[in-house]
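Here is the structure we will look at, set down as structure tokens.
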Amino acid sequence: MCGRYYIEIDDSELRSIVAEVERKTAVKTGEIFPTNLAPVLSPDGIMKAMRWGFPKYDGKGEIINARSETAAEKNMFRRPMMEGRCLVPASWYFEWERRGKQKVKYALMAPEKSPVWMAGLSKTDLQTGDSSFVILTRPAWSGISFIHDRMPVILSKKSHDEWLYGHDPVSTMNQAISEVQYKAI
């Protein structure tokens, strides 16, 4: 689930976000891949550049997503769930439907075509000071489950402060937006 997403800088809100972050660090726009540096609303409410993916314990590869249902129980995500909740802005995210040997790529976006805000977890490497994030996932809305069985936890703007600063992240995730629009690309 959610192995790529897109930041369209023609959108004025996202262009403003990218400009704010790029005062300090250049970030990727367009199609965002794991390990790219991307803009993220940090746990302290400041937009900053973060690397997509937590390094695996063996140092071989990245963990880019966390299951919302179990993140609070897993060693890798327990502390970030308590003190590292963040929000990842995007124009849309991508999923692929498997049709035999063929894969069909879809862009999935908010119904009103405004930016989507995906719930994430972040942490900072104490030795380097570099921050990284993962995107939280949940079971897919039935309207898109033919494409993929998981989707990001997408939070409405009214839930942002509750996600970043609240004391019950599970309750906040239960308020996630389910329905999304999609188009094959």
Side-chain angles (χ1 to χ4, degrees), residues 1-11 13-15 17-18 27-41 49-56 60-72 74 76-77 80-81 85-122 132-157 159-160 163 169-170 172-185:
M1 176 350 285
C2 196
R4 295 203 200 124
Y5 64 94
Y6 198 90
I7 297 176
E8 176 62 66
I9 58 171
D10 287 346
D11 178 274
E13 182 178 1
L14 291 172
R15 185 174 49 252
I17 288 168
V18 168
V27 292
K28 177 93 166 54
T29 58
E31 192 163 351
I32 310 299
F33 293 81
T35 73
N36 284 159
L37 211 54
V40 175
L41 186 59
M50 291 189 194
R51 185 176 178 275
W52 185 11
F54 287 179
K56 288 184 177 178
K60 298 178 183 174
E62 308 290 321
I63 304 291
I64 60 169
N65 296 319
R67 288 180 171 263
S68 61
E69 306 92 323
T70 59
K74 302 282 183 178
M76 180 176 279
F77 306 121
M81 183 65 107
R85 294 187 301 273
C86 62
L87 289 160
V88 182
S91 302
W92 55 80
Y93 69 97
F94 295 112
E95 288 298 351
W96 288 261
E97 175 192 10
R98 296 182 197 279
R99 294 183 186 166
K101 292 183 179 183
Q102 182 186 12
K103 287 184 179 182
V104 178
K105 188 176 184 179
Y106 287 88
L108 296 100
M109 62 209 74
E112 64 279 357
K113 297 191 179 173
S114 64
V116 295
W117 290 85
M118 299 177 284
L121 302 176
S122 66
S132 59
F133 71 96
V134 297
I135 295 171
L136 286 161
T137 68
R138 53 170 281 200
W141 166 56
S142 62
I144 61 166
S145 61
F146 74 95
I147 300 171
H148 199 279
D149 64 343
R150 307 278 307 165
M151 68 183 283
V153 174
I154 299 172
L155 297 175
S156 67
K157 287 202 176 203
S159 299
H160 288 188
W163 174 249
V170 173
T172 306
M173 284 190 288
N174 288 338
Q175 300 169 37
I177 295 169
S178 291
E179 297 183 23
V180 294
Q181 291 182 336
Y182 59 90
K183 65 179 180 181
I185 53 172

Just so I know, are the side chains of [X] and [Y] near enough to count as touching, which here means a heavy-atom distance under 4.5 Å?
X	Y	result
Tyr5	Val116	no
His148	Tyr106	no
Pro39	Ile7	yes
Trp163	Val153	no
Lys28	Leu37	no
Glu62	Pro34	no
Glu95	Ile144	no

If I take atom [atom1] from residue [X] and atom [atom2] from residue [Y], how far apart are they, to the nearest 0.5 angstrom?
X	Y	atom1	atom2	result
Met81	Leu136	CE	CG	5.5 Å
Tyr6	Ile185	OH	CD1	9.0 Å
Trp92	Glu31	CH2	CD	10.0 Å
Arg150	Ile135	CZ	CD1	13.0 Å
Lys183	Met109	NZ	CE	5.0 Å

Inset, instruction - Keeping the roles fixed (side chain from Arg138, backbone from Ser68), state whether a donor-acceptor pair exists under 3.5 Å. - result: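 Side chain of Arg138 to backbone of Ser68: no pair is present.
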Legend entry - Main-chain N/O of Asp10 paired to Arg15 side chain as donor or acceptor, under 3.5 Å: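 It does hold such a pair.
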Testing the basics here: between [X] and [Y], what is the closest heavy-atom pair and its distance to 0.1 Å?
X	Y	value
Glu179	Ile177	O-CG2, 3.5 Å
Pro139	Glu69	CD-OE2, 3.1 Å
Ala119	Leu87	CA-CD2, 4.2 Å
Phe133	Cys86	CB-SG, 4.1 Å

Inset, instruction - Kindly assign one of parallel, tilted or perpendicular to the pair Phe146 and Tyr182, based on the angle between their ring planes and the thresholds 30° and 60°. - result: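 The arrangement is perpendicular - the two ring planes meet at more than 60°.
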Legend entry - NZ or CZ of Lys105 within 45° of Phe94 ring axis and under 6.0 Å: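 Yes, Lys105 and Phe94 form such a contact.
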Inset, instruction - Run through Thr35, Asn36, Ile32 and flag the one making a side chain to side chain contact (heavy atoms under 4.5 Å, CB included) with Trp52. - result: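 That would be Ile32.
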